[in-house]
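Worksheet: one structure, shown below.
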2 protein chains.
Amino acid sequence: MDLPIRLAKDSKTPIYHQIEEQVKALIAGGHLQAGTALPSIRALSKELEISVITTRRAYLNLEQQGFIKTTQGKGTFVAEVEADKKKEVTVAAIYQALEKGIETGLRHDYSIEQIEEVFTEIIAKLKEKGEKANGELD
Amino acid sequence: MDLPIRLAKDSKTPIYHQIEEQVKALIAGGHLQAGTALPSIRALSKELEISVITTRRAYLNLEQQGFIKTTQGKGTFVAEVEADKKKEVTVAAIYQALEKGIETGLRHDYSIEQIEEVFTEIIAKLKEKGEKANGELD
DNA sequence: TATACTGTGTATATAGATATAAACAGTATA
DNA sequence: TATACTGTTTATATCTATATACACAGTATA
């Protein structure tokens, strides 16, 4: 099973953290159901072309946060996560991410209207590509 | 002179990079005019309660990118930056930041409409606080 | 039972980020 | 000229992130 995860190589964000965030989003958003088997740390490290230590770090953190459950010899599975928690994680993540985007605009001295314009433009491009369905941007 | 810079301590982004991005935004957005003196690396390190090495790293990178100009013994000043470059930096930064926010929403299985809702909510809060004027979010 | 997978632990190594400190060289002012 | 600032260089140190490798223990299947 391949996870739809992409690493931004030019990003200053640690790799393990990128993995963590993306897996969390998939779980909170319902793409990954409780009980679903995740790729092994070795498989994921091969797929993403990174070290096992790094994938392990991501999985460890996710397990500590209650999103996954790991058993030696068996593998790693999506945990049961309360709907409330999923909702909370989702809302917080999206709110913060959008807030950050808006803040970037303001910091560049863009007006709210200008920021809205850019936002609308991106959304328009999305609709044009029908990207709602596959859920990703380039 | 105090720079309106804030470090996100819980962020995984390196400190020097946070400084870099924020100073770049201030310059590109016109908040900092060419010739303006920036705080010395020592003053900034004191203000932000970080190491001189870290502030220097940020300033070095900004200088390499042509945003500032540094002279031993005199200090560091905002460089002349072409309007085209400023515009490009601004548009790219805002576009990418908003795009990332939208992507976060999609990854959490939010529809475009839902994402728009959150965006609108944030903007409404902004307008409510009259934050357009001071240009920052909490 | 052997093999192939799984996670866990350990080791070594390198690069990056950041801290503190000291010294040197340049600038500005009293 | 002394002092206070400026940036530059160097050194030492610690922590984090990541890489590679190996061995151990657990699971599943042929």
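Letters A, B, ... mirror the listed sequences (proteins, then strands); counts begin at 1.
- Using a distance-only test at 3.5 Å, with no hydrogens or angles considered, no donor-acceptor pair links the side chain of A:E99 to the main chain of B:I122.
- Look at CG on B:D10: it is 16 Å from C1' on D:dT16, rounded to the nearest Å.
- C:dA4 is paired with D:dT27 under the criterion used here, namely a Watson-Crick or G-U wobble arrangement in which both key atom distances are under 3.5 Å.
- Remark: P of D:dT18 and CD1 of A:I41 are 15 Å apart, rounded to the nearest angstrom.
- Among the atoms of the strands shown, only primed sugar atoms or phosphate atoms (P, OP1, OP2) are found under 4.0 Å from some heavy atom of A:Y16.
- As rounded to whole Å, 18 Å separates atom P of C:dG16 from atom CD1 of B:I15.
- Counting non-hydrogen atoms under 4.0 angstrom, B:R56 reaches a base of the nucleic acid.
- The nearest whole Å value for the distance from the CG atom in B:L44 to the P atom in D:dT6 is 11 Å.
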| request: Let me have a per-nucleotide readout for nucleotides 21-30 of chain C, 5' to 3', with B, S or -, counting only protein heavy atoms under 4.0 Å. | output: --B-BBSS--
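- Rounded to a whole Å, the NZ atom of B:K69 is 11 Å from the P atom of D:dT8.
- Between B:Q22 and B:I5 the shortest heavy-atom distance is OE1-CA, 3.3 Å.
- Rounded to an integer number of Å, the gap from CG of A:L60 to P of D:dT18 is 14 Å.
- Of the two residues contacting DNA chain C, namely B:I50 and A:L38, the nearest-nucleotide position lying further toward the 5' end is that of A:L38.
- When atom types are taken as modelled, the side chain of B:E20 and the backbone of B:Y59 share no donor-acceptor pair closer than 3.5 angstrom.
- Side-chain proximity of B:T70 to D:dA19, D:dG7, D:dT18: nearest is D:dG7.
- The listed nucleotides are C:dT20, C:dA17, C:dT8; the one nearest the side chain of B:S51 is C:dT20.
- Side-chain N/O atoms of A:K12 and B:Y16 include a donor and acceptor closer than 3.5 Å.
- Look at CD on B:Q18: it is 9 Å from P on C:dT18, rounded to the nearest Å.
- Along DNA chain D, the nucleotide nearest B:G75 and the nucleotide nearest B:K12 are compared for position; the residue whose nucleotide lies closer to the 5' end is B:G75.
- Salt bridge status for B:E128 with B:K125: absent, with no side-chain N to carboxylate O gap under 4.0 Å.
- Rounding to whole angstrom units, CG of residue B:L62 and P of D:dG7 are separated by 13 Å.
- A side-chain donor-acceptor contact under 3.5 Å links A:T70 and A:T76.
- Between the side chain of A:H108 and the backbone N or O of A:T104 there is at least one donor-acceptor pair closer than 3.5 Å.
- Comparing atom distances between the B:A43 side chain and each of D:dT8, D:dT6, D:dT18 picks out D:dT6 as nearest.
- Between B:S40 and the phosphate of D:dC5, there is no side-chain N or O to OP1/OP2 separation shorter than 4.0 Å.
- Side-chain proximity of B:T54 to the nucleotides D:dT20, C:dT20, C:dT18 is greatest for C:dT18.
- With respect to B:E103 and B:K100, no salt bridge is recorded, no charged nitrogen being found less than 4.0 Å from a carboxylate O.
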